[in-house]
Peer 1: 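If you scroll down you'll find the structure; I have some questions about it.
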Amino acid sequence: MSLVKVTIDEIEVEVEAGTTILNAARKIGGNVVPPAMCYYSKLEGSGGKCRTCLVKVAQGSAKDPRPMPKLVPSCRTVVQNGMVVQNITSPEVMEARKAITEFLLINHPLDCPVCDQAGECSLQDLSYAHGLADTQTIEERRTFAPIDIGDKIKLHMNRCILCYRCVMVADQLTDQRVHGVLGRGDHCEISTYITKAVDNDFSGNMIDVCPVGALTDKTFRFKSRVWFTKPFDAHRDCPKCSGKVVLWMKGEEILRVTGRKDKYGELEVFICNDCRFEHKEDKDWEVEGPRKIERHSVIGQNHYEK
Amino acid sequence: MAEQILLKSLEVPGLAGFDIYRKLGGYASVEKALKNFTPDEVTAEVKKSGLRGRGGAGFPTGMKWGFIDKSTDYPRYFVCNFDESEPGTFKDRHIGQLNPHQLIEGMILGSYALGARTSYIYIRGELFYVLKIIEKAIAEAYSNGFLGENILGSGYSLDLYCHPGAGAYICGEETALIESLEGKRGNPRIKPPFPAIVGLYDCPTVVNNVETIAVLPWIINHGADAYAAIGIGNSKGTKLISACGHINKPGIYEIELGLPVEEFIYSEKYCGGIRNGNKLKAVVAGGSSVPILPADLILKTAKGEPRLMSYESLAEGDFETGTMLGSGGFIVMDETTCMVKNLLTFARFYHHESCGQCSPCREGTGWIEKILQRIENGQGTMKDIDLLVSISKHIEGNTICPLGDAAAWPVASAVRHFRQEFEDHVKLQRCPLSK
Ligand SMILES: Cc1cc2nc3c(=O)[nH]c(=O)nc-3n(C[C@H](O)[C@H](O)[C@H](O)COP(=O)(O)O)c2cc1C
Ligand code: SF4
Ligand code: SF4
Ligand code: FES
C-alpha cells in the first residue's frame, strides 16, 4: 500500500491510499475528527447521508491544487496526496454543521427525559457541540406512534434520523432482511415488511448501531438512566458470536448487555441476541473489569477516568 | 419557424407506426451508421455537433460518451431518462407519445456508439399509456430487424426494454434512476463514482434525456456540421420548449437556440403574448428548479442586452440576475400571480418528492413549505423571510443530489427579486393579490 500525506486543520498525517478524510482525521484524533451520525466503519456502503461530517477541501491534491467547489462528506471522500482539509478551522464548515444539527432537530421530539438513549446519544452529543440555544421552529413536528419490531426491540420513529445503519445491519448481518425504509422525504419511516417481525440471531445489533433512541432494547426499557449504571467488560463462551460484551450493572444486577463500543460509538464486534437478551445472570459471565467510556456527553462522566 | 428537427412530422397521422415512420425516412440513420461508421465515429460526430444534454444540466453529450472506458469486457449500458416530472416540463412525453420510433432510432445509435448490448428506456410510471405506445414500437422495430440479433446484418445486436418507474420525480436523477432500474428503492447514489465508471449493475453507463436521444438520427443523417450551424455560441441546435402559464398559446415549441426571449413570449409564432393583454410579471425559464426572474430581467440581461433562449444568455448574471435554460419548461406568470403562492406550490412539490436520504433536503424542504404556508396565510413574520433565505442557503450545495439545490434556488431567487411582495404579506397579514 502506498502512503499519502494529507493535512487536516493544519495537522499533517500519513495514511494509506484509499483512506477517507474522516478516517484520516480519526488517525489524528482529538477535535479535528468530524462528527459522524450515519457512517459506520463496519457497515459497507454506510455514510454520506447525515451530512454532519461535511468538511472543506481547500486543496484537492498536490497534483491538482484546486479547491473542491462544495463541502464534501468526509466519510465518503477519499484523500489524495497533498490534500488540504479544513474542519474546525473553517467557519463555513462550522456554519454548515450548525445548520445540519438544526435540520436534524426540527422534527426530533426532544424527549430526552423519557428516552433510554439519553446519556449515550450521538444526537445529544452533536447538539451540545453544535446546536443553537434557541429554536427557530414553531412548526408541528411529524409524529409516529412507537411500535414493536420484534419482541425485543422498540421503534420510536419520531427520534429516527434516517441514518440507514439499522437497515444495513439487517442487510449485511442477517440472512433475511425484513425491514427497511418506507415512504419518502420526512414521511420516511423504518418499518418491517408487512406483518413480519424482526427476528433473527443478530437483529439486536440494530439497537447498538442506532445513533439515537429510535431503536431501544425492550428488556432494558425504563429500568434505569444509563448514567446510573456501571459498564463492565465481560465475556462468555458463545457458540454464535465472540461473546465479548459490556454488562451495564446497577449494584449486583445486570440491567443491560450491549456490544463493546469504541470512542466513536461504533461496535468493536457485533454480538448475538442470545448474549444480549437472554443472559442477565451473574453466573453467565466472566467479568474482566470496569470499562472506560470515552465520550463527551454525560455517560463519559461515569467516574472511571481519573 | 426555425429548422424543425423534432416536431417536423408530428402531425402526420399514424407516425407512431413503423411503416409510416419508415416511409418518411425513418431508421435511415441506423442504416448509415451501421454501414459507414465505427462506434467511435458516431461518438466523434456527436461530439462535433456540439449537442448538449437536454435533461437540464446541459452537459456536452459527446464528451459524456467519451468518459466510457471501452477497453474492458464489462457490459456497457445506454439508458434513456424518460422520467420527465419537473413541473412545467412536458416535452419528452410529446415525443414518446407521437413519435416513439424516433426515440428508438436514437437509442440504437447511442447504444451502437457505446457498444451497449442491452439498453433501457426508463419511463415515468404515470405515463403508462406512453409505455404501451413505446412497447408496441419496440416490437415493430424487432420484427423489422432494427432490434435484436445482428441488426441489418452488421453483426451488431441490441436488446431494448422500456421500464416503468412508480412515479417519483427523484427517479429522474440519473443515479436514482439506475437504482430504481436495478429494482431498488430510488435513492440517489453518492458520487463519485459517476455512472460512466460505476453505473447500472456496476457497469459503465450513460444516461441521456429523451430529447437528447431523439435528435441523434438527424445529426447522423445530416452531419454534425449541419447541426452545429444551427444555434448560437455554445448552444447548438434546436430545443423543445414547453411553454405554459399566462400566455395566449401554451404548447410545445421547437426553437433555434438563440431566439430572443421577447420574441418567444410575444410573437404569434410562439406564445402569442400574455393573456387578456395583461402585464408580464415573472418567468421560470427552465422548469421549476431554476431561479425565477422578474419581467425586466427575463427580457433583458442586467447589462441591458436582449436575453436570448440559450444556455449562456439565460445564465448571464449568474444567479444574481440570471437563471438557467434547464429542461425547457417555460412558465410565464402575469401580474395577477402571487409570488408567495407560486413559490409555495413549488416548495410543496420538492417537499413531497425529496427522497429523504440526506438531512438538509429531507428536513429543510418541509420546513420551507411550512413557513411559506404561514406567510401566504398571513401569519408570517419579517424574520420568516430571512429564515427562508438562510434555510435555502444551508440546503444548497450540502446535499447528496441536486434536488436539494433545486428546492433551494427557487426560494432564494423569489425572495431576491420579489422581497417586497413577501413583506406585504406579512404587513397586511394576507395575500395582497387576493381580493
Ligand atoms: C431531481 C432530479 C430530477 C431529474 N429529472 C430528470 C428527468 O425527468 N429527465 C431527465 O432527462 N433528466 C432529469 N434529471 C437530470 C438527470 O440526472 C441527468 O442529468 C440527465 O438525464 C442527463 O441527460 P442529458 O445529458 O441528456 O441531459 C434530473 C435530475 C435531478 C437532480
Ligand atoms: S432507526 Fe436508528 S439506526 Fe435505523 S435509520 Fe433510524 S436512526 Fe438510523
Ligand atoms: S438531496 Fe434530497 S432527493 Fe437528493 S439525495 Fe438528498 S434527500 Fe434525497
Ligand atoms: S457521517 Fe458522513 S455523511 Fe453522515
Side-chain angles (χ1 to χ4, degrees), chain A residues 20 37-39 45-56 68-73 75-78 92-93 95-108 123 126 135-142 160-164 167 171 180-190, chain B residues 166-171 175-176 184-193 348-374 379-381 383-384 386-388 390-405 407:
Chain A
T20 59
M37 299 286 289
C38 66
Y39 170 77
S46 66
K49 299 190 195 297
C50 71
R51 318 303 277 182
T52 55
C53 73
L54 291 178
V55 293
K56 187 180 169 83
M68 291 191 181
K70 299 183 200 171
L71 302 183
V72 297
C75 65
R76 291 290 293 255
T77 308
V78 170
E92 195 187 336
V93 169
E95 187 192 332
R97 197 160 293 156
K98 217 160 103 184
I100 306 283
T101 306
E102 185 175 26
F103 284 135
L104 287 174
L105 290 173
I106 61 175
N107 269 312
H108 189 83
L123 191 56
L126 187 74
T135 176
Q136 301 194 79
T137 42
I138 56 168
E139 275 72 28
E140 230 172 72
R141 284 146 211 264
R142 58 140 175 64
C160 170
I161 59 150
L162 278 172
C163 68
Y164 279 69
V167 180
D171 226 5
V181 177
L182 298 185
R184 268 199 314 243
D186 58 11
H187 314 294
C188 272
E189 60 182 303
I190 300 293
Chain B
Y169 171 59
I170 192 57
C171 289
T175 57
K184 303 181 188 144
R185 183 186 158 82
N187 278 357
R189 291 179 180 170
I190 293 149
K191 284 150 281 183
R348 185 178 299 132
F349 174 79
Y350 290 108
H351 175 208
H352 188 253
E353 297 297 334
S354 161
C355 83
Q357 249 192 124
C358 55
S359 10
C361 170
R362 177 183 66 239
E363 306 294 344
T365 50
W367 194 7
I368 287 176
E369 185 197 334
K370 287 173 185 164
I371 294 171
L372 282 166
Q373 184 72 65
R374 214 163 56 220
Q379 296 154 342
T381 62
K383 241 168 89 184
D384 283 335
D386 295 322
L387 190 55
L388 280 176
S390 108
I391 298 170
S392 72
K393 194 170 136 229
H394 288 141
I395 298 176
E396 186 185 346
N398 289 339
T399 57
I400 295 176
C401 88
L403 189 141
D405 303 330

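Order of the sequence lines sets the chain letters (A, B, ...), proteins ahead of strands, with each chain counted from 1. For the numbers below, each heavy atom of this structure counts, side chains included, while hydrogens, waters and symmetry mates do not.
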Peer 1: Are the side chain of B/Arg185 and the backbone N or O of A/Val181 linked by a donor-acceptor pair below 3.5 Å?
Peer 2: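 Checked: pair present.
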Peer 1: Give, for atom CD of A/Glu102 and atom CD1 of B/Ile391, the distance between the pair rounded to the nearest 0.5 Å.
Peer 2: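 Rounded to the nearest 0.5 Å, the CD-CD1 separation comes to 7.5 Å.
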Peer 1: Side chain, backbone, both or neither: which part of A/Cys50 has an atom under 4.5 Å from a heavy atom of chain B?
Peer 2: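 Both parts, heavy atoms under 4.5 Å.
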Peer 1: Under 4.5 Å heavy-atom distance to chain A, tell me which part of B/Ile400 shows up: side chain, backbone, both or neither.
Peer 2: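 Both parts, backbone and side chain.
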Peer 1: With a 4.5 Å limit on heavy-atom distance, are the side chains of A/His187 and B/His351 in contact?
Peer 2: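 Of all side-chain heavy-atom pairs linking B/His351 with A/His187, at least one is under 4.5 Å.
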Peer 1: What part of B/Thr399 gets closer than 4.5 Å to chain A, counting heavy atoms only: side chain, backbone, both or neither?
Peer 2: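 Only the backbone of B/Thr399 comes within 4.5 Å of chain A.
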Peer 1: Excluding sequence neighbours, so at least two apart, what forms salt bridge (charged side-chain N to carboxylate O under 4.0 Å, His left out) with B/Lys370?
Peer 2: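 With sequence neighbours excluded, B/Lys370 shows a salt bridge (charged side-chain N to carboxylate O under 4.0 Å, His left out) to no residue whatsoever.
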Peer 1: Rounded to the nearest 0.5 Å, how far apart are CD1 of B/Ile371 and CD1 of A/Ile138?
Peer 2: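 One gets 8.5 Å once the value is rounded to the nearest 0.5 Å.
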Peer 1: Find out whether A/Asp186 and B/Glu369 are in side-chain contact, i.e. whether some heavy atom of one side chain is under 4.5 Å from a heavy atom of the other.
Peer 2: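 Not touching, per the 4.5 Å side-chain cut-off.
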Peer 1: I need the minimum non-hydrogen distance between B/Ile190 and A/Gly48, along with the two atoms involved.
Peer 2: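 Nearest heavy atoms, B/Ile190 then A/Gly48: CD1-CA, 3.7 Å.
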Peer 1: Check each atom of B/Asp384 against the heavy atoms of chain A and say whether the ones under 4.5 Å are side chain, backbone, both or neither.
Peer 2: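 Neither the backbone nor the side chain of B/Asp384 comes within 4.5 Å of chain A.
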Peer 1: At their closest point, which heavy atom of A/Cys188 faces which heavy atom of B/Gly356, and how far apart are they?
Peer 2: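 Between these two residues, the closest heavy atoms are SG-CA, 4.4 Å.
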Peer 1: Tell me whether B/Arg362 contacts the main-chain N or O of A/Phe103 through its side chain, where contact means a donor paired with an acceptor under 3.5 Å.
Peer 2: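 Not a single qualifying donor-acceptor pair exists.
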Peer 1: At a 4.5 Å cut-off on heavy atoms, which part of B/Lys393 comes close to chain A: side chain, backbone, both, or neither?
Peer 2: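 Contact with chain A: side chain only.
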Peer 1: Between B/Pro360 and A/Ile100, which heavy-atom pair has the shortest distance, and what is it?
Peer 2: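 Looks like CG-CD1, 3.5 Å.
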Peer 1: Working to the nearest 0.5 angstrom, can you tell me the gap between A/Met37 CE and B/Ser359 OG?
Peer 2: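 These two atoms lie 8.5 Å from each other.
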Peer 1: Less than 4.5 Å to any heavy atom of chain B: does that hold for the side chain of A/Leu54, its backbone, both, or neither?
Peer 2: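 Looking at A/Leu54, just its side chain touches chain B.
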Peer 1: Listed by chain and number, what are the salt bridge (charged side-chain N to carboxylate O under 4.0 Å, His left out) partners of A/Arg184, not counting sequence neighbours?
Peer 2: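 Expected list: B/Glu353.
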Peer 1: Which value, rounded to the nearest 0.5 Å, describes the distance between A/Arg51 atom CZ and B/His394 atom NE2?
Peer 2: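 Atom-to-atom, A/Arg51:CZ and B/His394:NE2 are 15.0 Å apart.
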